[in-house]
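Have a look at the structure below before the remarks.
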Amino acid sequence: MYVVAIGGSFMTQPKLPDDSQPIWFDEASIPTFQPLTEDQTVDVAIVGGGITGITAAYLLTQQGLNVALLEASTILNGTTGHTTAKITAQHGLIYDELINKQGYNPARMYYEAQTDALQLIEELVQNHQIDCHFEKQDAYLYSTSGEYKNKLEKEYQAYDHLNIKGNLENQIPFNVTIENALSMKNQAQFHPLKYLTHLVNLITQQGGKIYEQTTAVDVEDAHGSAVVVTREGFRIKANYVLACSHFPFYEGTGMYFTRMYASRAYALAVKAEKPYPGDYFLSVDQPDRSIRKSYLNGEEIYLIIGEGHKTGQGEGMMKHYKNLKRFCDKVFDENSYEILHRWSTQDLTTIDKIPYVGAISKKRQNVLIATGFRKWGMTNGTNAAQLMSDIVLGNLNPYEQLFSPSRFSADPSLKKFFVENLDVAKHLIKGKMEMPKTQIDDMNNDEGAVIRVNGERKGAYKDKEGNVYVVDTTCTHVGCELNWNESERTWDCPCHGSRFSYTGEVIEGPAETPLPQHDYKMLENFNFNKKESGY
C-alpha cells in the first residue's frame with residue numbers, strides 16, 4: 001500500500017493482501033487438542049468443531065452428559081472461523097418467500113428460532129461475562145434498483161404480517177445511492193472465536209473431551225447405539241451422534257449432496273479514516289454488498305462482504321476481491337483506507353432455504369445432522385445446537401418439525417431439486433470435455449492451472465519458490481472435475497462444493513478422500529494409475 005500525505009490527511013492506494021486470512025484469528029487464543037488414540041464409549045459423540053458442535057457440547061456437558069467432540073482439522077478453523085459474525089434474524093429477502101411457499105406459521109417460527117438463538121448467545125455472554133465485543137445493532141436491507149425496491153416493500157409487508165419490528169427508510173449512512181432500506185431492530189454482532197473459545201474452556205472444565213486431527217468417516221449401528229469410525233480406525237460408541245461438520249460427514253441414505261448447493265462469498269477487513277456510523281447493512285441486489293463494524297487491536301474497522309456465487313463455478317476468483325475493493329473506493333472518500341485482511345467463506349443452501357436439523361433419516365433417530373445454514377450460521381448454528389441437545393435430552397422443542405431433514409414438499413422443493421441436479425450434470429459433463437493446453441513450463445510462480453499429462457486431466461500449482469505440486473483433478477466425491485481457485489490456492493468442485501488444497505488434502509466436504517498426488521520432476525515420465533482417479 002502506498003500512502004501520500006496531502007494537506008494533513010492521508011491519501012492511500014490500498015492493495016489486496018497476498019494471502020487469505022480472517023481477522024478473527026489475530027486476537028483469539030484458541031486451545032489445541034490431541035488426536036483420538038483409543039476406542040471410547042460416551043453419551044454423545046459430536047463431529048465438527050464449529051459453532052454448532054461447540055455450542056451443543058457446551059449445552060450437553062452442562063447437563064452432566066459425557067461428550068466427545070471430534071474435529072478433522074483444528075477447532076474453529078472451518079466455516080465458523082471464516083464467518084462475518086452477524087447475529088440476526090434478518091436473513092436477506094426470506095420472510096415474504098417463506099409466507100408464500102411455506103405459509104404463515106413456518107415463516108413466523110423461522111423468525112422466532114433465529115430470535116431465540118440471538119437471546120441464547122446474549123445470555124451466555126452475560127452469564128459468563130465473555131469479552132467478545134457483543135453489541136446490539138439494527139440490521140438493514142437496502143436496494144439500489146427499482147426491481148428490488150418493490151421486493152423490499154413486499155418484505156416489509158411480510159414483517160408487518162409476522163409482527164416483526166422494522167421500518168422502511170430511504171437512506172443509509174454511506175456513499176451509496178439507494179431506492180429504499182428495511183430495518184430490523186435489536187440484532188447483534190460479536191467476535192465469534194472469542195465467544196466460542198470461552199465455551200470450549202467451559203466444556204473441558206465439565207469433563208468434555210475434544211480431539212483434533214481426527215477425521216470421522218462412518219457411523220455403524222451397534223444394537224441401538226451408534227459408533228463413529230475414524231479414518232485411523234478408532235471407534236467411539238455413543239447413544240447419539242451429532243454431525244455438525246458443515247456438510248454431514250455421514251449421509252446415510254439421505255442423499256443430502258443432491259438436496260443442497262454450496263456457495264462462496266468474499267470479505268475485506270478495512271481500516272478507514274471515516275468513523276463507522278453504526279448498525280449493519282446488506283444489499284438485496286446482485287452482486288450483493290454487506291457492511292458491518294468490527295474491532296482489531298482496539299480500533300474500529302469495517303468488514304465489506306459480498307460477491308456470492310456457486311462454489312467452483314466461474315473463472316478468476318480474485319476478481320471478486322477486486323470488485324469489493326472498487327466498492328470500497330466508492331464508500332470511502334478519497335481512497336483513505338487500508339485493506340488489512342481478505343478471506344472467503346462457504347456455506348450450503350437447502351432447496352427450500354430452511355436448514356436441515358434433526359434425525360438423519362426416520363430409521364436412524366440417534367444420528368442427528370445440522371447443515372444448510374445459508375450463510376447465517378451464527379443464529380442457525382446456535383439454534384441447531386439447542387434443537388439437537390433437546391432431542392438428546394428428551395425435551396420438547398417447537399422447531400423440530402420446521403427443520404426436520406425428512407421434509408420434502410413438492411412445491412417448491414421438487415422443482416428446485418431437479419434444477420440443482422441438472423446443474424450438477426452440466427458441470428460434470430463440461431469438465432470431462434475440456435482439453436487444457438497449459439504446460440507447466442508456461443506457468444509463473446504462485447500460479448495454478450489444469451494441465452494434461454499423458455492424455456489425462458491433472459492440476460498443477462507452482463508455488464512462490466517454483467516448487468510444483470500435481471494432483472488428479474477428479475473430485476473424490478462423485479467424479480466431477482475440479483477448477484482452480486487462485487484467490488485461495490485451492491481446487492474447487494463445481495458440482496457439490498468440495499474443496500481441496502493444492503497438495504490434495506480435503507478442505508471442505510462432501511468429499512472425504514484426498515486427491516491422488518504426483519511429485520513432479522522435470523524429466524520424469526508421468527504414469528498415473530486410473531484406479532486412483534476418484535470416480
Side-chain angles (χ1 to χ4, degrees), residues 22-30 50-51 54-55 58 76 80-92 111 113-142 164-167 169 172-174 181-199 265 267-283 289-306 331-332 337 340-341 343 345 373 375-383 385:
I23 64 165
W24 313 120
F25 295 94
D26 281 18
E27 296 183 330
S29 180
I30 304 172
I51 188 169
I54 289 172
T55 305
Y58 164 81
L76 300 174
T80 296
H82 291 72
T83 182
T84 54
K86 295 177 181 176
I87 315 170
T88 179
Q90 190 185 65
H91 294 176
Y111 170 75
Q114 311 311 316
T115 301
D116 287 354
L118 191 160
Q119 291 175 349
L120 176 58
I121 292 172
E122 184 174 12
E123 288 173 6
L124 294 180
V125 169
Q126 292 176 349
N127 293 343
H128 297 296
Q129 298 183 333
I130 303 174
D131 180 13
C132 61
H133 304 311
F134 181 91
E135 294 182 17
K136 284 294 189 72
Q137 302 278 337
D138 290 347
Y140 285 81
L141 300 174
Y142 69 91
I164 298 173
K165 293 182 179 179
N167 296 317
E169 304 178 21
I172 61 174
F174 296 100
L182 176 59
S183 65
M184 183 179 286
K185 304 300 182 182
N186 294 316
Q187 306 304 291
Q189 63 183 37
F190 67 163
H191 189 301
L193 302 197
K194 287 186 175 183
Y195 166 76
L196 290 166
T197 297
H198 197 100
L199 295 190
L268 300 179
V270 173
K271 180 181 178 182
E273 292 181 357
K274 181 180 180 180
Y276 193 88
D279 302 323
Y280 51 78
F281 305 84
L282 171 65
S283 70
R289 297 287 182 263
S290 173
I291 311 171
R292 66 150 284 195
K293 176 181 68 173
S294 188
Y295 297 91
L296 189 62
N297 300 321
E299 296 183 308
E300 283 189 359
I301 63 170
Y302 290 71
L303 300 187
I304 309 295
I305 310 106
V331 169
F332 305 113
Y337 69 96
L340 305 176
H341 284 266
W343 74 96
T345 186
F373 296 159
K375 299 179 183 177
W376 300 103
M378 298 299 97
T379 53
N380 273 321
T382 300
N383 177 69

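With contacts defined as side-chain heavy-atom distances shorter than 4.5 Å, the pair I121/T55 does not qualify. Using a 4.5 Å cut-off on side-chain heavy atoms (C-beta onward), R289 and F281 make no contact. Here the side chains of H91 and T379 are in contact, with some heavy-atom distance below 4.5 Å.
Scanning for side-chain contact (heavy atoms from CB on, under 4.5 Å) contacts around E135 gives Q137, Q189, K293, Y295, with sequence neighbours left out. For D26, the side-chain hydrogen bond (donor to acceptor under 3.5 Å, both in side chains) partners at least two apart in sequence or on another chain are H341. Residues forming a side-chain contact (heavy atoms from CB on, under 4.5 Å) with S183 (at least two apart in sequence, or on another chain): Y140, N167, E169, K185. Contacts of E123 classified as salt bridge (Lys or Arg N to Asp or Glu O under 4.0 Å), with partners at least two apart in sequence or in another chain: none. F190 is linked by a ring pair (Phe, Tyr, Trp, His ring centres under 6.0 Å) to Y195, counting only residues two or more places apart in sequence or in another chain. H191 is linked by a ring pair (Phe, Tyr, Trp, His ring centres under 6.0 Å) to W24, counting only residues two or more places apart in sequence or in another chain. Contacts of K375 classified as side-chain hydrogen bond (donor to acceptor under 3.5 Å, both in side chains), with partners at least two apart in sequence or in another chain: none. For Y58, the ring pair (Phe, Tyr, Trp, His ring centres under 6.0 Å) test picks out H128, with sequence neighbours left out. Applying the side-chain hydrogen bond (donor to acceptor under 3.5 Å, both in side chains) test to S290 and every residue at least two apart in sequence or in another chain returns K86. Legend: residues meeting side-chain hydrogen bond (donor to acceptor under 3.5 Å, both in side chains) with D116, ordered by chain and number and at least two apart, are Y399. Take K274 and apply the salt bridge (Lys or Arg N to Asp or Glu O under 4.0 Å) test, not counting sequence neighbours, and it matches no residue.
Atom CG in L118 sits 6.0 Å away from atom CD1 in I87 (nearest 0.5 Å). Rounded to the nearest 0.5 Å, atoms CG (L296) and NZ (K271) are 9.0 Å apart. Here CD of E27 is found 9.5 Å from CG of D131. Values are rounded to the nearest 0.5 Å. The OG1 atom of T115 lies 7.5 Å from the CD1 atom of I164; values are rounded to the nearest 0.5 Å. Within the model, atoms CG of L199 and NZ of K194 stand 15.0 Å from one another, a figure rounded to the nearest 0.5 Å.
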Exercise for review: Any chance you could lay out the side-chain contact (heavy atoms from CB on, under 4.5 Å) test for I301 and I23, step after step, and finish with the verdict?
Suggested key: CA-CA 10 Å; I301 63 170; I23 64 165; 3.8 Å; yes

Point to revise | Intermediate values then yes/no, side-chain contact (heavy atoms from CB on, under 4.5 Å), C132 and V125 | key: CA-CA 8 Å; C132 61; V125 169; 3.8 Å; yes

Practice item. Any chance you could lay out the side-chain contact (heavy atoms from CB on, under 4.5 Å) test for V270 and L340, step after step, and finish with the verdict? Key: CA-CA 6 Å; V270 173; L340 305 176; over 6 Å; no

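Centroid-to-centroid, the aromatic rings of F332 and Y302 come within less than 6.0 Å.
Side-chain atoms of R292 come within 3.5 Å of backbone atoms of A85 as a donor-acceptor pair (strictly under, hydrogens ignored). In this structure a side-chain-to-backbone donor-acceptor pair under 3.5 Å is present from Q187 to A89.
A pairwise comparison of heavy atoms in I51 and T80 identifies N-OG1, 2.9 Å as the closest pair. Listed here is the closest heavy atom pair of T83 and T345: N-OG1, 4.5 Å. Closest non-hydrogen pair, L193 versus G81, comes out as CD2-CA, 4.1 Å. Between L141 and G92 the shortest heavy-atom distance is CD1-O, 3.6 Å. Counting all heavy atoms, side chain and backbone alike, D279 lies closest to D138 at OD1-N, 3.0 Å. Scanning both residues, T88 and Y280, for their nearest heavy atoms gives CB-OH, 3.3 Å.
When each of N383, T382, N380 is paired with Q114, the side-chain hydrogen bond (donor to acceptor under 3.5 Å, both in side chains) condition holds for N380 and for no other.
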